[in-house]
Each structure stands twice: as C-alpha cells, then as structure tokens.
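Shown next, in structure tokens, is the structure this report addresses.
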Amino acid sequence: MKSPAFSLCVYCGSRPGANPAYAQVARSVGEWIGRHGGQLVYGGGHNGLMGLLADATLAAGGRVVGIIPKALVEREWAHKGCSELHVVDTMHERKRMMAERADAFLALPGGIGTFEEFFEVWTWRQLGYHDKPVGLLNVDGYYDGLLGFMQTGVDQQFMGPWQMELIRVGSDWQQLLPELVQAGGVTPADQLDRV
C-alpha cells in the first residue's frame, strides 16, 4: 500500500455545533485530505464534526487513523470504519500517539477537549518537543474571542509575540491546509497539486 503524502492531525468537536458552516468545513477538510493522498489522524470518534471529518476523508480516498481511549469505546463512540483504530488506556497515551503520527496539527471548532489538545500541542512546540506546524481554523469567527484573550496574554506580558507566531491562524481552509502541509516539510509547494 502506498504511503500517504502527508499526515495531518485534526482536533475538532464531538458535536456538530450550532452553525452549519462548522459541519461543512469539517467535510471539506476531510475531502481535501483524501483528494491529496493524505492521512487524517484524529481522536477516533464517529460523533459530530469528528465523524463528518473522518467519513469525508475516507470517501475521498484518504487514510484515517483513529486513536481513542478505552472509556470512549465503551460508550460506543468509536468510529469502526477507520483505516486504523487504536484503542489506548489513557488520554495521555492518545495525545502522544496522535502527535507522533502527525506531520502537522489543525484545530477546527470544538469544545473543551479541542481547546486542551490545541493548547498542549502549541505548548509542546514552544518547549521544543516538536517543530511541527500548528494551525487554528477560525470558521465564521468561532475563535475570535479566544484569539482576543490570547492577545491579552501578550499585552499583559504573560506571553511574548513570538509564542503567537508559533501558530498559523486562518479563516480560509483552502489556504491554511496547504500552508500547514508545506510547512510540515512533507510535500513541497510545487508538488502539492500533483498529489
């Protein structure tokens, strides 16, 4: 079997959210990953944006690696159609494995789990535990409040501007996805359209 052109870890909600744009973006991101020969690494669920993202990736011919804690499998939240489904004991093991399997990271709209995963991988980048690109897709202004709060952290000198520069923020998935993949160093810009 051919190796994927890239591996993108996506964090997103286990609910669809109130705005239909969130579901549409999740599907579009999954389709893009699949069409470009990529691999989705995600939390392994079949509910909400997570399920839409995984289904769209699979339907477009991409690989999907789901990594889910045993407790969530027992609640019947696991996506059984993944190319690979890894059942782990703890959330720490889940996040470590997701990070190891990814070339880049992207957060779509989501709740507390999405926030926590995004902040952790950003923190790891700041500490030098990895040098993979981290993106935040601000769909219809969903993350405006969070971005404003993060800027307050800079303004109040609890963070430096360089820390904000470690993340790529965009509202256009068609622009942000190629940027993340190219920054991950896997697929050069001039070859992305060919994969």
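Along the sequence shown, the residues carry numbers beginning at 1.
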Residue pair L85 / V73, side-chain heavy-atom distance below 4.5 Å: no

Residue pair G17 / Y22: nearest heavy atoms and the distance that separates them: CA-CD1, 4.1 Å

Are L177 and L8 close enough, and set up right, to give a side-chain contact (heavy atoms from CB on, under 4.5 Å), and what steps lead you there? CA-CA 9 Å; L177 287 173; L8 182 63; 3.6 Å; yes

Do any side-chain atoms of residues 141-153 form donor-acceptor pairs under 3.5 angstrom with protein atoms, and if so which ones, sequence neighbours left out?
from, atom 1, to, atom 2, distance (Å)
Y142, OH, G110, O, 2.5
Y143, OH, L108, O, 2.8
D144, OD1, N138, ND2, 2.7
Q151, NE2, D155, OD1, 2.9
T152, OG1, G148, O, 3.1

CZ of F115: more than 12 outside heavy atoms within 6.0 angstrom? yes

Roughly how far, to the nearest 0.5 Å, is the CG atom of D140 from the OG atom of S171? 9.0 Å

State yes or no: do M164 and V134 share one hydrophobic cluster built from I, L, V, M, F, W and Y residues joined by side-chain heavy-atom distances below 4.5 Å, directly or via other members? yes

CD1-NZ distance between I67 and K95, expressed to the nearest 0.5 angstrom: 12.5 Å

About how many Å separate CG of D103 and CG of L180, when rounded to the nearest 0.5 Å? 11.0 Å

Rounded to the nearest 0.5 Å, what's the gap from CH2 on W124 to CG on D131? Could you check? 14.0 Å

Should M97 and E93 be marked as a side-chain contact (heavy atoms from CB on, under 4.5 Å) after you check the CA-CA gap, both sets of side-chain angles, and the distance that decides it? CA-CA 6 Å; M97 192 172 187; E93 190 178 354; 5.6 Å; no

Other residues, nucleotides, ligands: >12 heavy atoms within 6.0 Å of I112 CD1: no

Walk me through it: do R94 and E117 pass the test side-chain contact (heavy atoms from CB on, under 4.5 Å)? CA-CA 10 Å; R94 175 199 214 183; E117 290 168 324; 4.2 Å; yes

NE2/H92 to CD/E120 distance, rounded to the nearest 0.5 angstrom? 7.5 Å

Grouping I, L, V, M, F, W and Y whenever their side-chain heavy atoms are under 4.5 Å apart, do V10 and V88 come out in a common cluster? yes

Test of understanding: with side chain to side chain contact (heavy atoms under 4.5 Å, CB included), list the residues that count as partners of L166, not counting sequence neighbours. W122, R125, Q126, W162

Residues in salt bridge (charged side-chain N to carboxylate O under 4.0 Å, His left out) contact with K132, at least two apart in sequence or another chain: none

Do the non-hydrogen side-chain atoms of S83 and L58 ever get within less than 4.5 Å of each other? yes

H130 meets the ring-ring contact (aromatic ring centres under 6.0 Å, His included) criterion, sequence neighbours left out, with F105

Under the salt bridge (charged side-chain N to carboxylate O under 4.0 Å, His left out) rule, collect the residues that match up with R15, sequence neighbours excluded. none

Please say yes or no: joined through hydrophobic side-chain contacts below 4.5 Å, possibly via intermediate residues, are W173 and F118 part of one cluster? yes

Atom of L136, atom of L106 and distance for their closest heavy-atom approach: N-CD1, 4.2 Å

State yes or no: do V169 and V121 share one hydrophobic cluster built from I, L, V, M, F, W and Y residues joined by side-chain heavy-atom distances below 4.5 Å, directly or via other members? yes

So which atom in M159 and which in Q163 form the shortest heavy-atom distance, rounded to 0.1 Å? CA-OE1, 3.0 Å

Would you call R96 and E100 a salt bridge, taking side-chain N to carboxylate O under 4.0 Å as the test? yes

Can you give me every donor-acceptor pair (side chain of residues 38-57, partner residue at least two apart or in another chain, under 3.5 Å) with its distance?
from, atom 1, to, atom 2, distance (Å)
Q39, OE1, R63, NH1, 2.7
Q39, NE2, S7, OG, 3.0
Y42, OH, G45, O, 2.7
H46, NE2, E76, O, 2.9
D55, OD1, H79, NE2, 2.6
T57, OG1, G30, O, 3.4
T57, OG1, L53, O, 2.9

